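Everything quoted here is computed from the prediction, not taken from an experiment.
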Amino acid sequence: QVQVVESGGGSVQAGGSLRLSCMLSRGTLRRCMGWFRQAPGKEREGVAAVPSGGSPLYHADSVKGRFTVTQDNALNTVYLEMNALVPEDTAMYYCAAGPSFATCGGYWYRSDRYSYWGQGTQVTVSS
């Protein structure tokens with residue numbers, strides 16, 4: 001059973017940075033890995049994704065230029081580097097693993113394409 005564990009959330013002031021980590025246990029990164037977020041009262045939205053080969057990278061328009069997804073195959077870990085944070089980035093952030101590398105692509109942002117989910121890590125940005 002693949003397990004996904006996120007870490008790195010916290011509280012930060014606007015303009016600050018955070019790095020989220022997502023470790024995959026009992027599995028390999030030979031699959032698409034995605035980051036999603038869900039704010040109170042809002043639907044879960046795709047933030048970024050990275051396929052097993054490390055490229056291309058996918059980022060939502062709302063975070064382009066500020067967030068970057070990367071992976072370290074040796075550590076079985078995916079990261080989400082978040083810079084220039086704004087209060088609108090406040091949400092629970094989830095890491096998800098697709099069943100294969102093919103999960104990435106044109107519909108990388110659809111949560112129903114991912115099979116395994118972490119518990120989430122809270123990110124709070126204050127103004």
Q) Can you check side chain to side chain contact (heavy atoms under 4.5 Å, CB included) on Arg31 and Val2, steps first, answer last? A) CA-CA 12 Å; Arg31 59 182 76 238; Val2 173; 3.9 Å; yes
Q.
Membership question, hydrophobic clusters at under 4.5 Å side-chain separation (ILVMFWY): are Val12 and Val47 in the same one?
A. yes
Q | Phe36 six-ring centre to Arg44 NZ/CZ under 6.0 Å and within 45° of normal | A | no
**Q.** Step-by-step side chain to side chain contact (heavy atoms under 4.5 Å, CB included) determination, Asp89 to Arg66
**A.** CA-CA 11 Å; Asp89 295 318; Arg66 301 187 299 121; 2.7 Å; yes
Q) Could you state the interatomic distance from SG (Cys95) to OH (Tyr114), rounded to the nearest 0.5 Å? A) 9.5 Å
(Q) With clusters defined by side-chain heavy atoms of hydrophobic residues (ILVMFWY) lying less than 4.5 Å apart, directly or transitively, does Met92 cluster with Met23? (A) no
Q | Closest non-hydrogen atom pair between Pro51 and Pro56, with its separation | A | CD-O, 2.9 Å
Q) How long is the gap from OG on Ser11 to CD on Gln122, to the nearest 0.5 Å? A) 7.5 Å
Q) Between Phe67 and Ser62, is any pair of side-chain heavy atoms under 4.5 Å apart? A) no
**Q.** Interatomic spacing from CG in Leu57 to NZ in Lys64 - rounded to 0.5 Å
**A.** 11.0 Å
**Q.** Spatial distance of atom CE (Met33) from atom OG (Ser52) [nearest 0.5 Å]
**A.** 11.0 Å
(Q) I need the Arg37 CZ to Glu88 CD distance, nearest 0.5 Å. (A) 9.0 Å
Q.
Please say yes or no: joined through hydrophobic side-chain contacts below 4.5 Å, possibly via intermediate residues, are Val63 and Trp108 part of one cluster?
A. no
Q. Are side-chain heavy atoms of Trp35 and Tyr58 found at a separation under 4.5 Å?
A. no
Q: Pick out which of Val4, Val69, Thr70, Leu24 makes a side-chain contact (heavy atoms from CB on, under 4.5 Å) with Val78.
A: Val69
Q: Give the intermediate values and the outcome of side chain to side chain contact (heavy atoms under 4.5 Å, CB included) for residues Leu85 and Gln13.
A: CA-CA 8 Å; Leu85 285 160; Gln13 288 191 326; over 6 Å; no
Q: For residues Ala49 and Cys32, report the shortest heavy-atom separation together with the two atoms involved.
A: CB-SG, 4.1 Å
**Q.** Atom pair CD/CD of Glu45 and Gln38 - distance to nearest 0.5 Å
**A.** 9.5 Å
Q. So, for Ser127 and Ala14, which heavy atoms are closest and what is the spacing to 0.1 Å?
A. CA-CB, 4.3 Å
Q.
If you define the side chain from C-beta out and look only at heavy atoms, does anything of Trp117 sit under 4.5 Å from Ser111?
A. yes
Q. What are the two closest heavy atoms between Ser21 and Thr77, and how far apart are they?
A. CB-CG2, 4.3 Å
Q: Begin from the C-alpha positions of Leu20 and Met82 and carry the test side chain to side chain contact (heavy atoms under 4.5 Å, CB included) through to its verdict.
A: CA-CA 8 Å; Leu20 305 183; Met82 306 186 295; 3.7 Å; yes
Q | Considering all heavy atoms, the nearest Ala48-Leu80 contact | A | CB-CD1, 4.0 Å
Q.
Looking at every non-hydrogen atom in both residues, tell me the closest pair between Thr121 and Ser7 and how far apart they are.
A. OG1-C, 4.3 Å
Q) Is the side chain of Glu6 donor-acceptor paired with the backbone N or O of Gln119 at a distance under 3.5 Å, no angle test? A) yes
